[in-house]
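Working notes for the structure below.
In what follows, residues are counted from 1 in the order of the sequence shown.
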Amino acid sequence: MKAPRLLQSIFSAVGDLYLYKLSKILFGEHVARWALFAQLANWFIFFCITRTLSNTLETVLTLVSLYYWPCIRTSSGEDPLAPRSWGLALAALACAIRPTSAIIWIYVGLLELFSTLHRVKFIFVEVIPIGGLVLGLTFLLDRMMYGSWVFVPLNFLKFNILSSGGDYYGTHPWHWYFTQGFTVMVFTFLPFVVAGIVISKEWKLSGLIAWVVGIYSILGHKEFRFVLPVLPIALMFSAVALAKLGKTNVSYGQNKASQSAATRSSIKTKLAVLFLLGTNLPMALYMSMVHQRGSEDVMYYLSREAVNGEITSVLFLTPCHATPYYSTLHHDIPMRFLDCTPSEEKGYLDESDKFMMDPVGFTSEFAKNWSIPSHIILFDSQEKLLKEFLASHQFHEIKRFFHAHFKVDRDLQASVVLYAFRGH
């Protein structure tokens, strides 16, 4: 259960290292140290970066790859210590893992194309061979796994971009990333980020942030994690402002006024650090250890019970994908969750939609053809409506897990409730 997260934490540590290295070559070691502080202190990085999402690995690959691009390193010449081919290979891998990563690399690639002195070499000797090799390998891997020839990036593009299939999972207004999404991720680092962009005048990287957030704003379906790859870059700009805040030019023998200014600068720095830690750490701990923990706790409980042979089958009467699945259970036990497969049919209602609209009606109809599960998992908001149904089918509550203090995108789901069949 823990191994995937531990593996991702190792990847994330590599990302931290390369954020430090990138900050160092752009702004110097003093700023690089502040960048590492910002990366480790930001609540959303703490909350998200070790999760086994494709976006977290994409973020790490983005940080490592940017370090190797000459156009980002403010030099168009070849650097033998940082070959551009490494950056290209990692960018191609990021696109293979998550095709929308191309949004980042189109911007960086065009920057490189216009800044390099060897454009023909860049396109025909590096981009096409390296991109083709990675694309070909992923094509073969998909052939092995699907059993037929499938071009996944094209299907991804068709579903998420051309047909707006992602809208099936909900939409937000165009300005959401600017007014809520990305600003919440940056959180109290925001004024420092803005100040750092102005101070540094590093328009290429700040332009990358604006480009990525802007392009994703065009799409209807929006999630915090989609813009995660540019969050560390924004935090790097906050490091510029923090370093400037604490910078003094006081040397031995200077007058008392200068020393007083240095003292004030030191106090400002300490207050800024206290402010950032005081606002980010509580948020990080609450969101990581308290908020919506019930969906994980119930699966940990089932995993322990499965060892003792207490579980034979599980039915999830929840919105689809509300809990972890076999990655946490780790036992070969039949489980069933409500289907939410997207459809191109307008107004189509999947099982999850039908259940949320009419829990009693849907479950009564569903039960006519079910193989009675040994356990049922549901949220308390639906449990209130299904108590009579559960009792009539000989299910009784065996455990209740705290889930959340406040609602997010639907009715308050305060707890996750586990029911067991009395005949089991």
Side-chain angles (χ1 to χ4, degrees), residues 11 14-15 18-19 21-22 53-146 148-163 166 204-205 207-216 218-219 225-230 232-233:
F11 292 149
V14 173
Y18 272 85
L19 176 65
K21 293 176 71 172
L22 180 62
L53 301 167
S54 59
N55 308 85
T56 53
L57 187 54
E58 177 195 8
T59 301
V60 172
L61 290 171
T62 298
L63 288 171
V64 179
S65 181
L66 284 174
Y67 176 77
Y68 291 108
W69 283 82
C71 64
I72 299 299
R73 295 164 64 96
T74 66
S75 170
S76 59
E78 298 293 333
D79 183 349
L81 297 178
R84 186 171 55 195
S85 55
W86 277 100
L88 271 166
L90 291 166
L93 182 58
C95 293
I97 291 170
R98 190 161 181 83
T100 46
S101 190
I103 293 171
I104 295 172
W105 301 113
I106 287 172
Y107 176 93
V108 176
L110 288 174
L111 275 183
E112 184 65 22
L113 182 64
F114 289 117
S115 63
T116 185
L117 300 174
H118 310 287
R119 294 176 185 174
V120 174
K121 176 190 173 186
F122 173 61
I123 296 172
F124 293 101
V125 179
E126 297 179 35
V127 174
I128 293 176
I130 292 173
L133 177 63
V134 173
L135 193 64
L137 290 173
T138 56
F139 197 35
L140 289 173
L141 182 62
D142 289 332
R143 173 67 177 85
M144 289 170 58
M145 302 308 294
Y146 285 105
S148 60
W149 292 107
V150 179
F151 192 49
V152 171
L154 180 60
N155 290 344
F156 189 98
L157 179 69
K158 283 181 178 178
F159 179 79
N160 289 289
I161 310 296
L162 302 181
S163 68
K204 287 185 289 187
L205 278 177
L208 175 60
I209 297 172
W211 165 263
V212 170
V213 175
I215 294 295
Y216 274 113
I218 297 170
L219 305 179
R225 62 190 177 95
F226 292 168
V227 292
L228 179 62
V230 292
I233 300 170

Heavy-atom distance under 4.5 Å between the side chains of [X] and [Y], does that happen here?
| X | Y | value |
| --- | --- | --- |
| Thr138 | Leu135 | yes |
| Leu111 | Lys204 | yes |
| Trp149 | Leu140 | yes |
| Cys71 | Val108 | yes |
| Leu113 | Ile123 | yes |
| Ile215 | Thr100 | no |
| Pro99 | Leu157 | no |

Output yes when a side-chain donor or acceptor of [X] lies under 3.5 Å from a complementary backbone atom of [Y], and no otherwise.
| X | Y | answer |
| --- | --- | --- |
| Ser65 | Thr62 | no |
| Arg119 | Phe114 | yes |
| Glu58 | Arg98 | no |
| Trp211 | Ile103 | yes |

Search all heavy atoms of [X] against all heavy atoms of [Y] and return the closest pair with its distance.
| X | Y | value |
| --- | --- | --- |
| Ala91 | Trp69 | CB-CZ2, 4.4 Å |
| Pro83 | Tyr68 | O-CB, 3.7 Å |
| Ser54 | Ile97 | CB-CG2, 4.1 Å |
| Pro232 | Leu63 | CB-CD2, 3.8 Å |

- Message: Would you say Arg84 and Thr116 are linked by a side-chain donor-acceptor pair, where the criterion is simply a distance under 3.5 Å?
- Response: yes

If you measure from [atom1] on [X] to [atom2] on [Y], what distance do you get to the nearest 0.5 Å?
| X | Y | atom1 | atom2 | answer |
| --- | --- | --- | --- | --- |
| Leu110 | Ile106 | CG | CD1 | 7.5 Å |
| Ser101 | Leu93 | OG | CG | 9.5 Å |
| Leu90 | Trp105 | CG | CH2 | 8.0 Å |
| Leu66 | Leu205 | CG | CG | 6.5 Å |
| Ile233 | Ile104 | CD1 | CD1 | 7.0 Å |
| Phe122 | Ser115 | CZ | OG | 8.0 Å |

- Query: Given Leu22 and Ile72, is the side chain to side chain contact (heavy atoms under 4.5 Å, CB included) satisfied, shown in steps?
  - Reply: CA-CA 9 Å; Leu22 180 62; Ile72 299 299; 4.1 Å; yes

- Message: Does Tyr67 form a ring-ring contact (aromatic ring centres under 6.0 Å, His included) with Trp86? I'd like the steps, not just the answer.
- Response: CA-CA 9 Å; Tyr67 176 77; Trp86 277 100; over 10 Å; no

- Name the one of Leu137, Val152, Asn155 that satisfies side chain to side chain contact (heavy atoms under 4.5 Å, CB included) with Asp142?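 Of the listed options, the one satisfying the test is Val152.
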
